[in-house]
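To start, the structure under review is shown below, and the notes come after it.
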Amino acid sequence: QKLRIAVAANAQGVIKKLQADFRKRTGIETEAITGASGKLTAQIMNGAPYEVFLSADNEFPKKLYSEGLGVAKPKIYALGSLIVCGFAGGDFKKWQTMLATEGVKTIAIANPKTAPYGKAAAEALKYYGLDNKVNKKLVFGESIAQVNNYLQTKVADIAFTTESFLYEKTGKSGFQWARVEAKSYNVIEQGVILLKSSEKSGNSHAKKFYDYLSSASARKIISNNGYHLPK
Amino acid sequence: MININIEKQIGGRYGGFRLKVDTAFRLNTITQISGPSGIGKTTLLKIIAGLTTPDNGTLSVDEEVWFDKEKQFSKRVQEREVGFVFQDYALFSNMTVEQHLKFGTNDASYMSSLLELGEMNQFRKRYPKQLSGGQQQRLAILRALSTKPRFLLLDEPFTALDSELKLRITTRLKSLFEEQKTTVILVSHLPNEFGKGDCHVFALSGS
Amino acid sequence: MININIEKQIGGRYGGFRLKVDTAFRLNTITQISGPSGIGKTTLLKIIAGLTTPDNGTLSVDEEVWFDKEKQFSKRVQEREVGFVFQDYALFSNMTVEQHLKFGTNDASYMSSLLELGEMNQFRKRYPKQLSGGQQQRLAILRALSTKPRFLLLDEPFTALDSELKLRITTRLKSLFEEQKTTVILVSHLPNEFGKGDCHVFALSGS
Amino acid sequence: MEMEPIWLSIKLATITTIFLLFIGIPVAYWLSRKQNIFKLIIEAFITMPLVLPPSVLGFYLLIAFSPNNAFGIWLHQHFNLQLVFSFKGLILASIIYSLPFMVSPLKAAFSHLPKSMSEASYVMGKSKMKTFFYVLLPNIKPAVFTAAVLTFAHTLGEFGVVLMIGGNIPGETKVASIAIYDAVETLDYSAANAYALILFAITFIIVIGVFVLNRNAVKSPFE
Amino acid sequence: MEMEPIWLSIKLATITTIFLLFIGIPVAYWLSRKQNIFKLIIEAFITMPLVLPPSVLGFYLLIAFSPNNAFGIWLHQHFNLQLVFSFKGLILASIIYSLPFMVSPLKAAFSHLPKSMSEASYVMGKSKMKTFFYVLLPNIKPAVFTAAVLTFAHTLGEFGVVLMIGGNIPGETKVASIAIYDAVETLDYSAANAYALILFAITFIIVIGVFVLNRNAVKSPFE
Ligand SMILES: Nc1ncnc2c1ncn2[C@@H]1O[C@H](COP(=O)(O)OP(=O)(O)OP(=O)(O)O)[C@@H](O)[C@H]1O
Ligand SMILES: Nc1ncnc2c1ncn2[C@@H]1O[C@H](COP(=O)(O)OP(=O)(O)OP(=O)(O)O)[C@@H](O)[C@H]1O
Ligand SMILES: [Mg+2]
Ligand SMILES: [Mg+2]
């Protein structure tokens, strides 16, 4: 039985690289089950056979822990980095003014209610006093993955997404982007939790992977794929 | 004797009336029911077959009760051993002529004698849709015979047949009825379908 | 004259045969077609109405061509001004008696005279399912008359009527036909449906 | 809990069902007439959208309707119509998605009607059109109701397609199915339950209403 | 691109369709007989799952089947059956979800059959059962095929329910619809297109095949 890791949709790209590196180092086969964090949480609470859960935020892991489903308190494995990205012409260094211009018709962000990057994007817009000006242009993706689709297929002119989008495998030519300053939104803590079901299965692979996430090589992969690192 | 003493309210708001029948039909013979259109002939046959339930009364065959309103008893349709030729045939559109008969009997030689009787041999493989009106009517007769019923209820069964064909078929039917000791009840607008003097007549009339 | 000279291959693999008709029917009179079951009477009526296409030949009414195989011409069913009483009635199950007639005519007084003719007045509001066999057949006749067709094709239209009712209805029909100058073609197994000497007879036979 | 998504959903489902009645009935009738290979292929194509997960279908529609696309540009220039992130786009997408649920039952029903029924109407001088509306269609009433209910319910519950091409814009494309999805995602189960209950209640009333309408008007006194 | 999800999907859709034929046909027949208020309510309930977004339906099923739940525990103890995150659970969920697509068209078809057809069989001494299988069912063949095709296609494309209670486990619950969803989510459009094409091809073949089977065996020589 392979080790089953539940992974938030925004980390789909990086998890593949982590899995490969982990196998190279330990020989342990893993299986990533991706989905929206909320969905994965609901599943775990109802008996899903996942052993480690990498969430897009830290609220869901905390909730699981408080429900007694975690082996230990969740820890942060990555800090999300919000970018503003698009193919519309304009100066991305001054994206704050660009968003309000005529040339930008649709701006995609993830649903602030369900997705941490959406929440961060909304905070940033508010911080720069843009929320009222661009409200009419906003479209919402179910998850950050859907926002990325809007961007990739160019139905949205601009999108607030995760920096890791830039490392997904499809071509990124023509895209311009800028980091959103960290001060403008609350830090996006992505938590990982080692689940109780890993104890039931009896082998120590889950624990190994959980520990591996804090290793130097894992941290390097994480930071090379569009995330900041926790201290 | 088939003893009939029943009542049934027919039709609701518009032109409803009460069908009352109190009579007895002899077994092992042919009884012909006549009466104006809409008087309740088809309804009476359906009551005998158990397809329609009277509001009141009793129905029995010799000593055997088939229906008794007071005792809340009604013999199941399937157990009455009747054959029925419906006025509108009610053929099975999914079955060929042959399959209709097979549905009633496993006896291959009886089956082919029936096909012979109805002059339907060449249409064995046809579906009802592929038959002319008279051919469909003959199939309806043969299907009713296929189960060798003790009682045969015929609702205007020869209307689509030309007179020569009708004569050939009724003649053959008569000897089959004698052989199988069938009790036949026939609804028809024409007198003496099976030849003179060979049948009892019951005229249904309004009350 | 209705000039008919047509051929049609009937039936496929099993018991197929070739229907050949070469005859002429007089206008403004009643022609009665007879012939054994399955010979093609219904088919012939459908060919006249334009519901079935012959393989070969021509069909014309006086000088007017209705069908010509060589010219690839066939007059549309809707324009042939025929009325048709189908052997199986083909009533509209979604319409009441009244609605059937309204579908053919807007003339309220004609409608009620038709209901009178068919003795169907009390069943105005009934659906076909709620009618007895003979009542359904009368409705089929009335519906066919409702459009005041120039040509009326009747496929065994009186089989479900008792003899007295039939006599009353055919008598009324005859005067209606005279009034409307209807050309009537009637398929029936009984001779002289409209009284002796009043109709021409065409016997359809195999070739 | 907001009520706006509920209204939007009902509006979307109603409009879609009405459109689909207009489209589906003739298409079903046409398909039920003499079969040929061409119709067979059309019929297969109508069923196609079903086999894609809704969100993937939504993705393809997104690309098809995209304003960067020839088709999208054409729509925009000639009709000033923008289909992505708009209510109109949702309607079109729902129509495509629910088409088979409308067409298939109707087609089966039409093919059960006896040919002689239409023949009887033709000889009365009635056109194909008139025959269709006065004779054929009334005779498949139960199937029409069935198809309409399925379509309506299916559109109410539709979610993947709508989410993808709608962009979850409040008051425009944020329908009830998305609201309930959001509620579940955020583990806000009481809101989810409330939405579910309302959707159930609406459907329940509609289904019961339609079935009462559909109750066979013609009752035999013998039954 | 892996082929396993495709096989899993076909297996799921086939099993679900077969089960639903067994369940849906008798239910549809029963519903088509004399209507009463009780049947009406059952019928409304069958339609209910439709109006929920699939993932929300999946969520409720997840809770219902959850091993933390009385029902889930009971299933586990008495049948050693675990319905969440297992292929068996997917089957059950798909059955619930697709039930209306099976039942509704069949019910409409049964209600179109003339009563005299079964009466003719009863007087021949045939039981209700035998009448059903030899007379009624064969006469609604087109509707049965329609319903089966809709159910099959719909199960192939089903996704929200499956994802929720199945959990995307390779070889067990990772069906094609999820694989294609994942492909789109990760912007792997070429894989998505490949999956879509395969799903289309399969459905196309099945639809064409069924319609050819369904082609009316009885052809009038006059048409
Ligand atoms: N679909 C079909 N396939 C093959 N043969 C058919 C089909 N329909 C009718 N026939 C055959 O065509 C012949 C003529 O049929 P038609 O209905 O015209 O006969 P008919 O003279 O009206 O007979 P009847 O007096 O019995 O009504 C019949 O022998 C019938 O078996
Ligand atoms: N569903 C119904 N609703 C109301 N009245 C009905 C219904 N079915 C039949 N009837 C009426 O019941 C009466 C008896 O019908 P039945 O079919 O028994 O007549 P019948 O004697 O067989 O007539 P026919 O010789 O015309 O076949 C008819 O007057 C008919 O109008
Ligand atoms: Mg009768
Ligand atoms: Mg005939």
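From a predicted model like this one, the values you see are computed outputs, not experimental measurements. Within every chain, numbering begins at 1; the chains are lettered A, B, ... in the order of the sequence lines, protein sequences first and strands thereafter.
Around CZ of E/F22, the count of heavy atoms belonging to other residues, nucleotides or ligands within 6.0 Å does not exceed 12. For E/K88, the NZ atom counts as loosely surrounded, since its 6.0 Å shell holds 12 or fewer non-hydrogen atoms of other residues, nucleotides or ligands. Residue E/M129 qualifies as open at atom CE: its count of foreign heavy atoms under 6.0 Å is 12 or below. Counting heavy atoms of neighbouring residues, nucleotides and ligands inside a 6.0 Å radius, atom CG of B/D62 exceeds 12 of them. Around the CD atom of B/E164, the shell of radius 6.0 Å holds no more than 12 heavy atoms that belong to other residues, nucleotides or ligands. Summarising the local packing, OH of E/Y60 is surrounded by more than 12 heavy atoms from other residues, nucleotides or ligands at distances under 6.0 Å.
Annotation for E/M124 and B/S146: closest pair CE-OG, 3.5 Å, computed over non-hydrogen atoms. Nearest heavy atom pair, residue B/F92 against residue E/A120, reads CE2-CB, 3.9 Å. The two residues E/S127 and B/Q78 come nearest to each other via the heavy atoms CA-NE2, 3.8 Å.
Residues B/R76 and E/Y122 are not in side-chain contact: their nearest non-hydrogen atoms beyond the backbone lie 4.5 Å or more apart.
Taking CD of E/E119 as the start and OG1 of B/T52 as the end, the distance is 6.5 Å to the nearest 0.5 Å.
At least one donor-acceptor pair under 3.5 Å links the side chain of B/N94 to the backbone N or O of E/Y134.
With a 4.5 Å cut-off on non-hydrogen atoms, B/L153 does not touch chain E at all. Of the atoms belonging to B/F103, heavy atoms from both backbone and side chain fall under 4.5 Å from chain E.
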